[in-house]
Amino acid sequence: MGEEPTFAVPDVAAERRDDGSWLLASRTPLGAVERSVATVLARWAAATPDAPFLCERADGDGGATGGAWRRLSYGEAWDAARAVGQALLDRGLGPDRPVMVLSGNGVDHGLVTLGCHAAGVPVVPVSVAYSLQSRDFAKLGQIAAVTRPGLVFVVGRTPFEPALDALAASGCAAEVVDGAGALAAATPGPAVAAALAATGPDTVAKILFTSGSTGLPKGVVTTERMLCANQQMLRRVWPFTAQEPVVLVDWLPWSHTFGGSHNFYLALWSGGTLHVDAGRPAPALLPHTLANLREVSPTLYLNVPAGFAALLPHLEDDPALAERFFARLRFAMYAAAALPRDLWDRLDAVARHTLGRPVPLTTAWGSTETAPMATTAHFPLDGPGCIGVPVPGVRLKLAPVDGGRKLELRVAGPNVTPGYLGDPERTAAAFDAEGFYAMGDAGRFLDPDRPEAGVVFDGRVAEDFKLATGTWVSVGAVRTHLVGAGGGAIQDAVLTGQDRAELGALVWLSPAGDLAALRTAVGKHNAEHPQSSTRIARALVLTEPPSIDGHEITDKGYVNQRAVLDRRAADVAHLHAEPPGPGVVTFG
């Protein structure tokens, strides 16, 4: 599959400090970093103008019926980006008047994003759920108030009318544009050329809003330097991407950093192709993903654990699909949440059955504030848990917190945000005295005697709690074990029991799950983890899905422990009442 290796050999320096903290960094130099995203697009447009960059189904059904692809070449993308950029400048847009995008992934969305890069205008991609699933539009209104957009972009205005009305009622007077056609009809002139020349590393490229899992979203300032540095980091750990155009089939939302900063620009940097997948890991939309993967063999497949869980049964049951999926796959990568061991083993088994050999399965770790990759496992893994080592250019600190009980992961490097838009207090609180961004995640070494062997994710610092006995519960590890023990029956779970005698769980079952499967899963988990801090004593099945407006879930399907506990305090009280009430399942 080409001369370049898939993974670079990691070379990591580790330093133990007197205060008990560790510093890890790659000895591999980062190398030259591009000046801006637009310069990369211009280079590919000159070198391979006819090569496809962005593709989406043109039939309007996301590909479920195998309709034709609408393909945007690099040459077309560059011409359209300059035209859109000119149209934005003609409207007086700039650093203080950004473009807010309400629609989901698609070629038109991509064109507007590229036009913003060409003109030095920040783009603000907003979670579609805030417009189409929300009832109060509170998050949408807050984002508009913070960013003060000069233009709101949609593709297909009708479904967005209630959200647009809410924006107008909140005082947002921005022009609404439906589709990129009118913008792309502008004639590029000296203004966009000058803006492109003035765009550099410190130019704000986009404002990405965090999921708001602990409150209303925070606007993460994302500069050209952050995006360009992160893509250079990827090239250093995945050297083949500098020689081989990647091919992606991807649904991950561009309003989030995994899809919008990692995957979108990964395709661009390699001169590759991103096929926009209208599917997602939900029963009604998964057929789109399956149809796309039957037609397009990706060279990399990047997804969240929920996406792999939805896809896996079809790979196991459909040999033709599996052959197509694995045909030229360099590796698969999961991120954004922990992958249960059961899924890991099944993915490995179907790859071996299909190809007669394993396909590497790896992971990465980071956040919106790190653009996003900070660590990755660019070496063989024999199971989930290890998040790898720092990528070139990143310094990783493991700082003792909670009296040394945990090590918090903190990041410094050119991929780290300068802060949160309009929020100096939260910006200051996010960085320690040495300027490291404090992630809020905990980590530990895979091998305490060999820090260079990698870091293991050790849960969210703020999610852990104590039982009444004073015993700490490591929420992230227990949740992962419990969901994995379900073998697909448990969609997700939230742990309860703070200051109580025993550990409980609020559980969402998958469509294939039932109470019998729950009992089996918890029984298996408890047999393997019988300690008081890991053993589930009681569970309650929730029927109301996690709420977007209640900050309980992100677009990628990550359920926030703290938000669920706060919003469902009555369920927690019911779960732990004595004697156990209706619906509570106990485990002796």
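Note that the structure is a prediction, hence the values are computed from the model and not measured.
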Validation row: [X], [Y] side chains within 4.5 angstrom (heavy atoms):
{"X": "Pro298", "Y": "Leu248", "value": "no"}
{"X": "Leu540", "Y": "Val585", "value": "no"}
{"X": "Leu506", "Y": "Val572", "value": "yes"}
{"X": "Leu300", "Y": "Phe331", "value": "yes"}
{"X": "Arg538", "Y": "Pro580", "value": "yes"}
{"X": "Glu56", "Y": "His109", "value": "no"}
{"X": "Val494", "Y": "Glu552", "value": "no"}
{"X": "Leu167", "Y": "Leu140", "value": "yes"}

Nearest-0.5 Å distance that lies between atom [atom1] in [X] and atom [atom2] in [Y]:
{"X": "Leu274", "Y": "Asn105", "atom1": "CG", "atom2": "CG", "answer": "8.0 Å"}
{"X": "Arg324", "Y": "Thr354", "atom1": "CZ", "atom2": "OG1", "answer": "14.0 Å"}
{"X": "Arg460", "Y": "Arg562", "atom1": "CZ", "atom2": "CZ", "answer": "11.5 Å"}
{"X": "Thr480", "Y": "Leu339", "atom1": "OG1", "atom2": "CG", "answer": "9.0 Å"}
{"X": "Met439", "Y": "Thr370", "atom1": "CE", "atom2": "OG1", "answer": "4.5 Å"}
{"X": "Leu565", "Y": "Leu495", "atom1": "CG", "atom2": "CG", "answer": "8.5 Å"}

* Output, in order, the C-alpha distance, side-chain angles, deciding distance and verdict of side chain to side chain contact (heavy atoms under 4.5 Å, CB included) for Phe325 and His314. => CA-CA 11 Å; Phe325 178 75; His314 299 274; over 6 Å; no

* To do: Would you kindly say whether Asp441 and Trp365 are connected by a side-chain donor-acceptor distance under 3.5 Å?
  =>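 Present: a donor and an acceptor within the cut-off.
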
* **Side chains of Ser367 and Glu369, donor plus acceptor under 3.5 Å** => yes

* Structure fact -> Sorted by chain and residue number, the salt bridge (Lys or Arg N to Asp or Glu O under 4.0 Å) partners of Asp165 (sequence neighbours excluded) come out as none

* Asked: Taking only residues two or more places apart in sequence or in another chain, which ones pass salt bridge (Lys or Arg N to Asp or Glu O under 4.0 Å) with Glu528?
  ->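 Counting only residues at least two positions away or on another chain, Glu528 forms no salt bridge (Lys or Arg N to Asp or Glu O under 4.0 Å).
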
Polar side-chain atom of [X] near backbone of [Y] as donor-acceptor pair, under 3.5 Å:
{"X": "Thr222", "Y": "Ile207", "result": "no"}
{"X": "Ser261", "Y": "Pro372", "result": "no"}
{"X": "Ser131", "Y": "Phe160", "result": "no"}
{"X": "His275", "Y": "Cys55", "result": "no"}
{"X": "Lys206", "Y": "Pro125", "result": "no"}
{"X": "Thr299", "Y": "Val247", "result": "yes"}
{"X": "Asn526", "Y": "Ile536", "result": "yes"}
{"X": "Asn415", "Y": "Met373", "result": "yes"}
{"X": "Thr376", "Y": "Thr363", "result": "yes"}

* To do: Take Ser474 and Lys406 through the test side chain to side chain contact (heavy atoms under 4.5 Å, CB included) and record every step on the way to the result.
  => CA-CA 10 Å; Ser474 184; Lys406 291 260 186 176; 3.3 Å; yes

State, to 0.1 Å, how close [X] and [Y] come at their nearest heavy-atom pair, and which atoms those are.
{"X": "Pro283", "Y": "Pro287", "value": "O-CD, 3.4 Å"}
{"X": "Met100", "Y": "Thr147", "value": "CE-OG1, 3.9 Å"}
{"X": "Gly307", "Y": "Pro281", "value": "CA-CB, 3.7 Å"}
{"X": "Leu381", "Y": "Cys386", "value": "CD2-CB, 3.9 Å"}
{"X": "Leu252", "Y": "Leu302", "value": "CD1-O, 3.7 Å"}
{"X": "Val483", "Y": "Ala493", "value": "CG2-N, 4.3 Å"}

* Start with the C-alpha distance between Met226 and Thr417, add both sets of side-chain angles, then the distance that settles side chain to side chain contact (heavy atoms under 4.5 Å, CB included), and finish with yes or no. => CA-CA 7 Å; Met226 292 168 61; Thr417 182; 3.8 Å; yes

* Sub-6.0 Å ring centroid separation between Phe264 and Trp254 -> yes

* Can you check side chain to side chain contact (heavy atoms under 4.5 Å, CB included) on Ser547 and Arg567, steps first, answer last? -> CA-CA 9 Å; Ser547 167; Arg567 185 171 179 268; 3.6 Å; yes

* Does the pair Trp251 and Asn292 meet the rule for a side-chain hydrogen bond (donor to acceptor under 3.5 Å, both in side chains), with working shown? -> CA-CA 11 Å; Trp251 68 271; Asn292 293 334; over 6 Å; no

* Qualifying ring pair (Phe, Tyr, Trp, His ring centres under 6.0 Å) pairs with a residue from residues 499-549, counting only residues at least two apart or across chains ->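 Residue pairs with at least one partner in residues 499-549: His481-His529, His525-His529.
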
* To do: Quick one: which residue pairs count as a ring pair (Phe, Tyr, Trp, His ring centres under 6.0 Å) with a foot in residues 560-588, not counting sequence neighbours?
  => none

* **salt_bridge(Lys218, Asp423) N-O dist < 4.0 Å** => no

* How would you list, by chain and number, every residue that makes a ring-ring contact (aromatic ring centres under 6.0 Å, His included) with Tyr265, sequence neighbours excluded? -> His117

* Does Tyr334 have any ring-ring contact (aromatic ring centres under 6.0 Å, His included) partners at least two apart in sequence or in another chain, and if so, which? -> none

